[in-house]
Amino acid sequence: MPEMTYLEAIRAAMHDEMEIDERVFVMGEDVGRQGGAFGATKELQQRFGELRSIDTPVAESGIVGVAVGAAMAGQRPIAEMQFADFVSCAYDQLITCAAKMHYRIGWAVPLVVRCPNGGGVGGGPYHSENVEAWFHHHAGLKIVCPATATDAYGLLRSAIRDPNPVVFCEHKFLYRRVKQQVATGPRDGVLVPLGKADVVREGSDLSIITYASTVQLALAVADTLEQEDLSVEVIDLRTLVPFDRDAVLDSVRKTGKTLIVHEDNLTGGFGGEVAAVIAQDAFEYLDAPVRRVAALDTPIPFAPPLEREYLPLEEDILSAARDLAAY
Amino acid sequence: MSTPARNISAVPEPAPAPRISDEEALNLYYWMVLTRATEERALNLYRQGKLPGSYYTGRGQEAISVGMAAPLRRGADGDWLSPWIRDLGSYLVHGVPVWRMFAQFMGKAGSTTRGKDGNLHIGGYEWNIPCQVSHMADMIPLTVGAALAYKQRGEDRVAVTSFGDGATSRGDFHEGLNIAAVLEVPAVFVAENNRWAYTTPISKQTKVTDLYKKALGYGIPAIEVDGNDVLAVYSAMSEAVAHCRAGRGPRFIECKTYRMAGHAAHDKYESYMPMELLAEWSDKDPLKRLEQALREERTIDEAKLEGIRTKVKDEVHEAVERADDDGFADPSEAHLGVFAEADTDA
C-alpha cells in the first residue's frame with residue numbers, strides 16, 4: 001500500500017473512479033491543463049482527455065448548474081470550487097436545483113461539488129471559509145468532511161458513486177500535512193460508506209465529537225489527558241449528512257460527558273445540531289452540560305496571530321476537556 | 001405571412017428551411033388549440049377556487065411554446081427540453097398528458113410531482129423534461145450541462161431551454177451562455193421577449209432590448225423571429241436543432257412577442273399595461289394568424305379546423321374529469337424522496 005497525502009488520496013479517488021466509469025468527469029477553474037490550484041486533478045486531463053477534465057470560465061454558479069444538468073443527463077460530474085469560499089456564488093444552484101430535483105420529480109442528481117475548505121493556511125477571509133454549515137440546513141444535499149487520507153479517498157469514491165448531490169468539504173490544511181498508507185486502485189481501492197462515523201479512539205470518561213481538521217487535535221488532547229488518567233473517546237463524524245446519530249448517542253451514553261469540536265464558527269455550526277440531538281435523546285445519561293469548542297463568530301482574519309486567535313486550537317480543546325472532566 | 005428569420009451572426013446563411021407541409025401545419029394547429037384550451041379551462045378552474053396558489057398563462061405565446069418543441073425528439077432518450085412558465089404547449093408537445101397538467105395545477109397525486117410542486121413546475125425522466133424552478137435563468141446552466149453530456153457521449157441529441165426577457169438580467173443567463181459557447185455544446189436557447197417581467201417593462205430591464213444581441217456578445221449565432229408566427233418559430237427551431245445535431249455548437253433564437261395578460265392570474269395588469277398596445281398585439285394573436293394562413297394560404301377546409309377544435313374540447317373535458325377524480329397523495333409522502341436510492345428511480 002502506498003503512503004500518500006490527503007491531497008494525493010483525493011486525486012487517486014477521482015483517477016480510480018474515472019478509470020472504471022467513463023461517466024465520471026471533472027470540471028472547474030484551472031482543473032484541466034494545470035490540474036487545479038492545489039493539484040488535485042493533476043494529469044487527469046492528460047490521461048482522460050479534454051472532455052473529461054474540463055477547464056471552465058470563472059463562473060461558479062454556471063459550473064455547478066452545468067454539473068447538475070450533466071448529472072441529470074446521465075454523467076457523473078465532479079465540480080471543483082477552486083476554494084470552498086467561492087461556492088457562495090453557486091449556493092442557489094445547489095439548494096434550488098440540485099437539492100430539490102429528486103424530491104419533486106424523482107430524478108436523481110449524482111453530483112459531487114469539491115470544496116477546498118477551512119483555515120490555518122493564512123488565506124484570509126475569502127480563502128479559509130468552512131462552508132459545511134451553509135448546506136446542512138437544506139434537505140437534499142449530502143455533506144462529507146474527511147479527516148484522514150484513507151477517508152478522503154474512500155469517502156470521495158463513495159460520494160462519486162452516490163446518486164445524490166454531495167458537497168465534499170476537503171480540508172486544505174490537511175492536504176499535505178496528513179499522510180497515510182491508503183489502499184487504492186480502480187477495482188480494489190477502499191470504499192468508506194457515507195453516514196458512518198468512526199470511533200477513532202475508544203474511551204470511557206469523556207466523548208469528543210468532531211470532524212475534519214480538529215480530529216487530529218482531539219486525538220492529541222486525548223493523548224495528553226491519558227497522562228492525567230482520563231480516558232477520552234474521539235468520534236470522527238466523517239459525514240454531517242447523513243448524520244450518524246447512533247454513533248454519537250452510543251458514545252455519550254457510555255461516557256456521560258460530551259465536548260463538541262469543529263473549526264467552523266460556533267453559532268449556527270453543525271455542533272449545535274449535535275448538541276440538540278444529545279439533549280433530546282441522551283439527556284438522562286449526561287453528567288455535565290454539553291460543551292462546544294469552535295471558531296470565533298467573526299470572519300476569518302488574515303494575519304497569523306489573528307488567525308490563531310480565531311481558530312480553535314489544541315490548548316482550547318484541552319482546557320475545555322479538563323473543565324468538563326472536573327465538572 | 002411569415003416574417004423571415006434574420007440571421008445576424010457571422011456563420012454562413014443556412015439553407016432555406018424546407019416548406020412546412022399541410023400536415024405539419026395542422027399538427028402545429030392542433031397543439032396550439034390544445035394549449036389555449038387547456039389554459040382557458042385552467043384559468044376558469046382557478047377563478048372557481050379549484051386551483052391552489054396562483055395561475056400563470058402563456059396566452060399569446062403559444063406559437064413559441066409549440067413551435068420550439070415540435071422539431072424535437074421525444075422520450076427519455078430524446079432531446080432535453082426545459083421550458084419556462086409561459087410554455088404550457090411545450091410540455092404537451094414533448095409528451096406530458098393533458099390530464100396530468102390539470103392534476104399538477106390541482107396538486108393531485110397524478111401531478112408529475114405528486115403534489116410536491118405546483119403550476120408549470122412539471123417534469124419527468126420519461127419525457128426528458130427537467131422540472132423548472134421559480135428562480136429565473138437557473139435552468140440555463142442545467143441545459144448546458146445536459147448538452148455537454150450528449151457531446152461527451154457523442155450522441156446527436158440537443159438540449160433546449162426557454163426563458164423570458166426578465167431572465168436575461170440574471171447571472172445564470174450570462175454564465176450559462178458563456179460556458180455553452182466556450183464548450184461548444186449542442187444547446188438551443190429560446191428567449192421569449194414578451195416585453196414584461198411582472199410589472200417591469202423591458203425598457204427598465206435592459207438597455208439592449210434586442211435579446212439576440214446579448215447572445216452574439218458571447219459568440220453564439222443568434223437570430224430573431226416573429227414569435228407570434230408558429231411557422232417562423234418552427235422553421236427557425238428546426239434549423240437550429242439541425243445545426244446542433246451536426247455538432248456545430250449552440251444557437252440562440254429570440255422570439256419577439258407580447259404578454260397578453262398579467263404575470264399571473266392574481267396580477268391586476270390593467271393598472272400598468274398600456275391598453276392600446278394590448279389591443280394592437282391582440283390583432284397579432286398567433287392562433288388567429290395560423291388559422292388565417294391555413295384557410296387562405298393553404299386553402300384548408302374550415303370543417304377540418306373545426307374537427308380539430310372539437311377533438312381538443314373533448315380531450316380537455318376528459319382531462320379535467322380525470323384530474324378531478326384523482327386523489328391527493330397520502331400525506332406520508334411529504335416525508336419521502338429527499339434522497340435517491342438509485343441512479344434514476346423516476
Side-chain angles (χ1 to χ4, degrees), chain A residues 22-25 27 49-52 54-77 79 89-90 92-93 95-111 138-142 161-166 194-195 241-242, chain B residues 80 82 112-114 116-117 121-125 128-135 137-155 157 159 161 170-183 185 187 334 336-346:
Chain A
E22 64 184 17
R23 301 171 302 172
V24 179
F25 72 97
M27 61 183 293
E50 289 187 17
L51 276 177
R52 292 184 66 198
I54 302 173
D55 283 315
T56 66
V58 181
E60 288 80 9
S61 184
I63 291 166
V64 172
V66 167
V68 172
M72 292 180 71
Q75 300 295 86
R76 283 282 211 252
C89 298
D92 168 57
Q93 278 292 347
I95 69 163
T96 303
C97 292
K100 296 178 179 71
M101 195 62 74
H102 187 270
Y103 183 74
R104 298 185 305 149
I105 53 168
W107 191 340
V109 183
L111 158 73
H138 296 282
L141 301 171
K142 294 193 174 178
R161 292 177 184 202
D162 197 278
N164 295 287
V166 179
L194 307 187
V241 182
Chain B
W80 163 290
S82 180
T112 66
T113 63
R114 294 195 62 77
K116 286 174 173 173
D117 204 345
H121 293 192
I122 286 170
Y125 185 80
N128 206 4
I129 298 175
C131 197
Q132 67 168 311
V133 301
S134 296
H135 305 42
D138 272 35
M139 302 307 285
I140 293 175
L142 266 72
T143 299
V144 175
L148 172 62
Y150 302 151
K151 176 174 173 157
Q152 286 172 316
R153 298 197 296 260
E155 298 169 350
R157 297 158 79 181
T161 189
R170 268 216 60 222
D172 274 358
F173 168 83
H174 301 276
E175 294 193 13
L177 258 61
N178 186 49
I179 295 175
V182 170
L183 299 184
V185 296
L336 306 177
V338 172
F339 288 110
E341 301 296 327
D343 268 16
T344 299
D345 41 4

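So you know, we letter chains A, B, ... as the sequences are listed, proteins then strands, and number each from 1.
- Per-residue heavy-atom pair counts under 4.5 Å with chain A were compared for Ala147(B), Pro130(B), Gly171(B), and the maximum is reached by Pro130(B).
- There is no contact between Ile140(B) and chain A, counting heavy-atom distances below 4.5 Å.
- Proximity to chain B is limited to the backbone of Glu60(A), based on heavy atoms less than 4.5 angstrom apart.
- Residue Tyr150(B) comes nearest to Ala73(A) through the heavy atom pair CE2-CB, 4.1 Å, listed as atom of the first residue, atom of the second, then distance.
- Side-chain atoms of Arg104(A) come within 3.5 Å of backbone atoms of Gln132(B) as a donor-acceptor pair (strictly under, hydrogens ignored).
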Step-by-step side chain to side chain contact (heavy atoms under 4.5 Å, CB included) determination, Leu142(B) to Gln93(A): CA-CA 9 Å; Leu142(B) 266 72; Gln93(A) 278 292 347; 3.2 Å; yes
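- Listed options Leu141(A), Asp162(A), Asp55(A), Val58(A) were ranked by heavy-atom pairs under 4.5 angstrom with chain B; first place goes to Leu141(A).
- Contact annotation for Arg157(B): neither backbone nor side-chain heavy atoms come within less than 4.5 Å of a heavy atom of chain A.
- Contact between Gly62(A) and Ile179(B) at its shortest, heavy atoms only, is C-CD1, 3.6 Å.
- For chain B, the nearby part of Ile54(A) is the side chain; its heavy atoms alone come within less than 4.5 Å.
- Contact annotation for Lys142(A): both backbone and side-chain heavy atoms come within less than 4.5 Å of a heavy atom of chain B.
- Contact check for Trp107(A) versus Ile129(B): no side-chain heavy atoms found under the 4.5 Å cut-off.
- Taken from NE2 in His102(A) to CG in Leu336(B), the straight-line distance is 10.5 Å, to the nearest 0.5 Å.
- The candidate with the highest count of non-hydrogen atom pairs below 4.5 Å against chain A, out of Ala149(B), Ala159(B), Ser134(B), Ser82(B), is Ala149(B).
- Taken from CD1 in Ile122(B) to CD1 in Ile105(A), the straight-line distance is 11.0 Å, to the nearest 0.5 Å.
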Test side chain to side chain contact (heavy atoms under 4.5 Å, CB included) on Gln75(A) and Arg153(B); report intermediate values, then the result. CA-CA 9 Å; Gln75(A) 300 295 86; Arg153(B) 298 197 296 260; 2.8 Å; yes
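- Heavy-atom distances place no part of Ala187(B) under 4.5 Å from chain A, backbone and side chain included.
- Closest of all the heavy-atom pairs between Met101(A) and Cys131(B) is CE-O, 3.5 Å.
- Contact tally against chain A (heavy-atom pairs below 4.5 Å) for Gln152(B), His174(B), Arg114(B), His121(B): the top residue is Gln152(B).
- Neither the backbone nor the side chain of Thr56(A) comes within contact range of chain B, judged by heavy atoms closer than 4.5 Å.
- Between Lys116(B) and Tyr103(A), the shortest heavy-atom contact is CD-O, 2.9 Å.
- The parts of Asp92(A) that come within reach of chain B are both its backbone and its side chain, each placing non-hydrogen atoms under 4.5 angstrom from that chain.
- For the pair Glu175(B)/Pro57(A), no side-chain contact is recorded, criterion being any heavy-atom separation below 4.5 Å from C-beta on.
- Using a 4.5 Å cut-off between heavy atoms, Leu177(B) does not touch chain A at all.
- Most heavy-atom pairs under 4.5 Å with chain A: of the set Asp138(B), Val133(B), Asp117(B), this distinction falls to Asp138(B).
- More than 12 heavy atoms of other residues, nucleotides or ligands lie within 6.0 Å of CD in Glu155(B), so this atom counts as buried by the packing criterion.
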